[in-house]
Asks: 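Mind having a look at this structure? Questions to follow.
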Amino acid sequence: MSTYNTGQEQNVIYQADPTVIRHLHGVRDSLHQSCKPYLNHRVNVQTLDGLVHEGTIAGVDNKHLYLNVAVNGQMSRGYYNPYQPYHPGHGHGHGHGPYPGPGPYPGPPNNNVILPLVLFELLAISLL
């Protein structure tokens, strides 16, 4: 996020408490160190919102856990590669609208996608 100094007085809407900031840095570091040894391991990940994702830990940095998830046909709508070329003979249709791929989305769906999960949103990670 960028801010520009316009010379006008700014009204702060929210400012994190320094104690909270230190705590969040500790949580982030702990999650990072906990996940690093389990790269390429299959896991279940539960988020604060109650969503559960199953996949393989593909990577971790100081903000995200990258989960390689297999996508089935019913979920493929949200996971497609718009840059993947269409290859005739793949898929289930002639395309819809301006897209040549099967279904209303360009190209055949990618069966393996990387789902970035924000570390602060994670509630539990379990090995499978």
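These numbers come from the heavy atoms of this one structure, side chains and all, not from hydrogens, waters or symmetry mates. Computed from a predicted model, the values in this text were never measured in an experiment.
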Asks: Atom CG in Asn62, atom NE2 in His32: separation rounded to 0.5 Å?
Replies: 6.5 Å
Asks: Under 3.5 Å, is there a donor-acceptor pair between the side chain of His23 and the main chain of Ile21?
Replies: no
Asks: Side-chain contact, heavy-atom cut-off 4.5 Å: His64 with Leu117?
Replies: no
Asks: Minimum heavy-atom separation for Pro37 to Gln33, with atom names?
Replies: CD-O, 3.1 Å
Asks: Judged by atom type as modelled, is there a donor-acceptor pair below 3.5 Å linking the side chain of Ser30 to the main-chain atoms of Gly26?
Replies: no
Asks: Check the angle between the aromatic planes of His41 and Tyr38 and answer parallel, tilted or perpendicular using the 30° and 60° thresholds.
Replies: perpendicular
Asks: Check Leu127, Thr56, Ile57 against Arg42 for a side chain to side chain contact (heavy atoms under 4.5 Å, CB included) and give me the one that passes.
Replies: Thr56
Asks: CG/Leu65 to CG/Leu31 distance, rounded to the nearest 0.5 angstrom?
Replies: 8.5 Å
Asks: How far apart are the closest heavy atoms of Val60 and Cys35, and which atoms are they?
Replies: CG2-CB, 4.2 Å
Asks: Please report the closest heavy-atom contact between Phe120 and Leu24, naming both atoms and the distance.
Replies: CE2-O, 3.4 Å
Asks: Which heavy atom of Gly55 sits nearest to which heavy atom of Val69, and what is that distance?
Replies: CA-CG1, 4.3 Å
Asks: Which distance, rounded to the nearest 0.5 Å, do you find between the CG of Asn40 and the CG of Asn68?
Replies: 9.0 Å
Asks: Does one side chain, of Thr19 or Asp17, offer a donor that lies under 3.5 Å from an acceptor on the other?
Replies: yes
Asks: Please determine whether residues Val118 and Val43 belong to a single hydrophobic cluster, defined as Ile, Leu, Val, Met, Phe, Trp and Tyr linked transitively by side-chain heavy-atom distances below 4.5 Å.
Replies: no
Asks: Between the side chains of Arg22 and His25, does any donor sit under 3.5 Å from an acceptor?
Replies: no
Asks: Rounded to the nearest 0.5 Å, what separation is found between the CG atom of Leu67 and the CD atom of Glu54?
Replies: 9.0 Å
Asks: CG/Leu119 to OG/Ser34 distance, rounded to the nearest 0.5 angstrom?
Replies: 10.0 Å
